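Below is one structure, written out as structure tokens, with a few remarks after it.
Remember, it's a predicted structure, so these values are computed and weren't measured experimentally. Lettering follows sequence order; numbering is per chain, from 1.
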Amino acid sequence: GNSVTQMEGPVTLSEEAFLTINCTYTATGYPSLFWYVQYPGEGLQLLLKATKADDKGSNKGFEATYRKETTSFHLEKGSVQVSDSAVYFCALNSGGSNYKLTFGKGTLLTVNP
Amino acid sequence: SAVISQKPSRDICQRGTSLTIQCQVDSQVTMMFWYRQQPGQSLTLIATANQGSEATYESGFVIDKFPISRPNLTFSTLTVSNMSPEDSSIYLCSVQGAQGNTIYFGEGSWLTVV
């Protein structure tokens, strides 16, 4: 079955530091890959996505590239802000007509001023 | 993306009672889903809410505990029945977006069972 493995948190960075959160996956077929973000006390928001190999998703300064050869979708940001403090979830669905999402365990990011 | 509204946003419930969560979408959507997020955990799919037919439940979730309704293409309810403290979770409604394979989430309903 499908699975997503995320870097264990928590991750604590200083403002303007470089961020990487690792995500690898196991899936059948041609999955679509997602990063969701959950700010404190809120629901999930879609941060970015990629639907095929070598696609790069980007939003709000965050980027992730769909790497089929390494089955990875690492999240990066060049300069984090305090407002980026949140829990980040990597997820996939199998594509086609299967919309069920499989989530990683989430990574808590805290950015200090 | 669709605007998804959930009610209640938060509630504190007594053990043994049941609570119904409502999910309203501002546009017609084909696929609606209910997820659970237990404290400090990731999200788990409870079921797919099917319009006009019974919901499709994931392994470990049953209709008697989590009855779901989907009377039309913009609305669904999830009931958490005979609650125990283990049911304290965030329950999230989600929908398939217009772009097909993207899933959007509501703000969640944060339930605490005492």
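Considering every non-hydrogen atom in both B:G97 and B:Y104, the closest pair reads CA-CE1, 3.6 Å. The two residues A:A17 and A:L13 come nearest to each other via the heavy atoms CB-CB, 4.1 Å.
Only the backbone of B:Q41 comes within contact range of chain A, judged by heavy atoms closer than 4.5 Å. Only the side chain of B:E58 comes within contact range of chain A, with heavy atoms under 4.5 Å apart. Within the 4.5 angstrom heavy-atom criterion, atoms from both the backbone and the side chain of B:L43 approach chain A.
Residue-level contacts of residues 38-67 of chain A with chain B, in order of numbering, are A:Q38, A:G41, A:E42, A:G43, A:L44, A:L46, A:K49, A:T51; threshold 4.5 Å between heavy atoms.
Around the NZ atom of B:K65, the shell of radius 6.0 Å holds more than 12 heavy atoms that belong to other residues, nucleotides or ligands. The environment of A:E16 atom CD is sparse: at most 12 non-hydrogen atoms of other residues, nucleotides or ligands sit within 6.0 angstrom.
Taking the six-membered ring where tryptophan is involved, the planes of A:F89 and A:F103 are perpendicular, since the angle between them exceeds 60° and thus also 30°.
When side chains are defined from C-beta on, B:T112 does not count as touching B:D11, because their heavy atoms never get closer than 4.5 Å.
Screening residues 84-94 of chain A for salt bridge (Lys or Arg N to Asp or Glu O under 4.0 Å) gives A:K77-A:D84 as the qualifying pairs, with residues at least two apart or on separate chains.
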